[in-house]
Amino acid sequence: MEKKSRKDPGKKVPNGILKKRRFWILSAAVALVLALTAGTVFFLLTGKNQEKQQEAAIARNDRQSVSDTVTEEGSVSVGTVSQTFELDLSEYTGQSDFSWNSIGSMAAGPGMMEGGGQSGIQSLVVTTSSGNRQLTVEEVYVKVGEEVKAGDPILKVTADTLSEIRQGFAEDVTDAKEVYDQMVTQQMQTQKEASVQLQENELYGSYADTEYNLAVAKLEEAVEELQESLQNAQEMMEKDQEDLAGLQETLEEQQAVLENAVYTVENEDRSSNAYGWLLAVNAKVDEETIIESLETQIESLEESIALQEEEIESLSMQLTNAQKELESGKIEAESARQIRIINGNSAQEIYDVTTQLADFEAQNAKEDYDEAAAKLEELDTYIVDQVICAAQDGVITAVSVSAGDALQEGTELIALNSYDDVTITLTLDEDEMDMAGLGSKAEVVFSAFPDEVFTGEVTEIGDAQIDSNTNMTTYEVVVSILENGSRLYEGMTAEVTFTRQQKGEPE
């Protein structure tokens, strides 16, 4: 790209330069007078000094005369904009997972009264799966290079796919309306249930202490009953053990008597002491009978004591469990009591939250219904007589669909020139960049419109590039045209002029 630098030939010399020139002329005159009066030597020295000063002044004047403008040539680039298929063809999906139970319910503790939040409305969940709805292109009316206006037909879709989708949208509206009606019904039912719950929460809150005391008393009563049963069983076993010990002692005594009787029977001479031997025989028979009876009683008592030991062991375990249940039951009952109190104190807030949630779900269902109806209406507006039209003016740069293609939301249809995005790319030297910062304005003249001046603005500056041959640093600068660029076209030549701002001069 050829670089041009121009200086305005009709531009006046700045006042600062004129003042400096007058200053040096005056200085030279004064120096000349001093030289004439001071002598030839002083004149020569002053003359040389004056010569140096004049050379410096000329150099400064030259620097002040450097061009305050720079002009570069570039070619136009026109951006593009895509027109996509904007219809959402997905099926209606409505869902409500509101459950009044989740707000109003409260579990009662052990032995506490049921109710106070145990009722509620079942949640309503209505969903429909998203299908693969799509339209099919029947014919494309445009091609690359054609100029279109907003509203011009660009393609036609098949009648059967359009009819199928429209029918689906109509069914979506019906389904959404059904869900909305159900949610309104649930909303009214929730309000009734919430009113009942409000009264119950207030009632149970006032009886929270009574419920707690009843629950704990029931658990304590169970412990006391088991303690009493255990004590009775232990006392009975102790009595049987005492009786058993007495019988065992008697048995030992009787066994000793029996042994004496047996000894006498076996060792007494019947012929010499018939009477004594007979008494020993009778005693032996009596003692055997007594011992047998004692052994039967002892066996019965031992069996009874064994059963009592099992009963005592069982009662001890039951008592231990009951005592544990008493401790945990007190904790649960206290927790339930606190919940009752909280619900009682917050009864109105619970009612408000519950009814507001029901209202929210009903509103969501209505929005779903409105959305479904809007999609059906949008379909009839977006596609008229199977035709989709251009959304804006422009020259077509690409056609992305053809007959037989499927259309879904986001599918690109065509691309057009975007005259709101007209840019010119230039290359500037490093010492020219003080005129071309981001946001700097520039005057643009196009070869096709030489008598018109457009306004541009620097919108992008590239990284520094160093030429290895010349060691010069350059920057690529992008200038955007601020006016409507509908008359411009890709590749058009343009001259861009930047102007250095003077101090105090507005940009």
Side-chain angles (χ1 to χ4, degrees), residues 107-114 207-338:
M112 299 188 73
M113 292 185 292
E114 295 298 326
Y207 284 99
D209 291 338
T210 301
E211 281 188 304
Y212 172 82
N213 293 332
L214 288 174
V216 173
K218 185 176 180 180
L219 294 170
E220 290 176 339
E221 182 180 354
V223 171
E224 291 172 359
E225 288 178 354
L226 287 170
Q227 287 175 333
E228 184 177 352
S229 297
L230 178 61
Q231 182 178 356
N232 291 336
Q234 289 173 336
E235 290 176 353
M236 290 179 63
M237 187 179 71
E238 289 173 358
K239 181 178 180 304
D240 286 348
Q241 286 174 336
E242 290 177 359
D243 292 344
L244 176 62
L247 289 173
Q248 288 173 337
E249 183 178 354
T250 301
L251 177 62
E252 290 176 358
E253 293 174 354
Q254 296 301 319
Q255 286 175 337
V257 173
L258 177 62
E259 288 177 359
N260 291 331
V262 170
Y263 179 82
T264 300
V265 170
E266 293 177 349
N267 296 290
E268 186 68 30
D269 184 6
R270 287 183 295 179
S271 59
S272 60
N273 189 9
Y275 179 75
W277 181 85
L278 183 60
L279 287 175
V281 169
N282 290 334
K284 175 179 175 292
V285 173
D286 292 340
E287 290 302 321
E288 287 177 345
T289 302
I290 292 171
I291 288 173
E292 183 179 357
S293 175
L294 287 172
E295 287 177 344
T296 301
Q297 293 179 52
I298 288 172
E299 182 179 355
S300 176
L301 280 175
E302 286 177 341
E303 291 177 354
S304 176
I305 290 172
L307 292 174
Q308 289 170 348
E309 287 176 343
E310 292 179 359
E311 182 182 6
I312 288 172
E313 183 179 358
S314 174
L315 288 173
S316 297
M317 292 180 61
Q318 293 179 43
L319 177 60
T320 300
N321 291 335
Q323 289 171 335
K324 291 180 179 178
E325 289 178 359
L326 174 60
E327 296 303 318
S328 62
K330 285 181 177 179
I331 296 173
E332 292 178 5
E334 175 61 22
S335 175
R337 185 179 78 90
Q338 293 297 330

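Remember, predicted model here, so these are calculated numbers, not experimental data. For reference, positions follow the sequence shown, starting with 1.
- When every heavy atom of Thr264 is checked against every heavy atom of Gly276, the shortest pair comes out as CG2-O, 4.4 Å.
- Side chains of Arg337 and Glu211 form no contact here, defined as non-hydrogen atoms less than 4.5 Å apart.
- For the pair Ile331/Glu327, no side-chain contact is recorded, criterion being any heavy-atom separation below 4.5 Å from C-beta on.
- Within a 6.0 Å radius of CD in Glu228, other residues, nucleotides and ligands contribute 12 heavy atoms or fewer.
- Between the CD1 atom in Ile312 and the CD atom in Glu235 there is a gap of 10.0 Å [rounded to 0.5 Å].
- Between the CD atom in Glu288 and the CD atom in Gln255 there is a gap of 11.5 Å [rounded to 0.5 Å].
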- Message: Between Glu238 and Gln234, does the side chain to side chain donor-acceptor pair (under 3.5 Å) criterion hold? Intermediate values first, please.
- Response: CA-CA 6 Å; Glu238 289 173 358; Gln234 289 173 336; over 6 Å; no
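- Between Leu219 and Gly329, the closest heavy-atom pair is CD1-CA, 3.6 Å.
- Leu247 contributes atom CG, which lies 12.5 Å from atom CD of Glu299 (distance to the nearest 0.5 angstrom).
- Residues in residues 311-321 take part in these side chain to side chain donor-acceptor pair (under 3.5 Å) pairs, two or more places apart or across chains: Ser314-Gln318.
- Closest heavy-atom contact between Lys284 and Leu258: O-CD1, 3.5 Å.
- Heavy-atom contacts from other residues, nucleotides or ligands closer than 6.0 Å to CD of Glu292 number 12 or fewer.
- Closest heavy-atom contact between Leu315 and Ala233: CD1-CB, 4.0 Å.
- One finds the CD1 atom of Ile291 at 11.0 Å from the CG atom of Asp286 (value rounded to the nearest 0.5 Å).
- Residue pairs meeting the side chain to side chain donor-acceptor pair (under 3.5 Å) criterion with at least one partner in residues 243-254, sequence neighbours excluded, are Lys239-Asp243.
- If you take CG on Leu301 and CD on Gln308, they are separated by 9.0 Å, rounding to the nearest 0.5 Å.
- A search for side-chain hydrogen bond (donor to acceptor under 3.5 Å, both in side chains) contacts involving Ser293 returns Gln297, not counting sequence neighbours.
- Heavy atoms only, all atoms of each residue included: Asp240 and Ser304 are closest at OD2-OG, 3.2 Å.
- Distance check: Leu319 CG to Glu224 CD gives 11.0 Å after rounding to the nearest 0.5 Å.
- Across every non-hydrogen atom of Gln323 and Gln227, the tightest pair is NE2-NE2, 3.8 Å.
- Around atom CE of Met236, no more than 12 heavy atoms belonging to other residues, nucleotides or ligands sit under 6.0 Å away.
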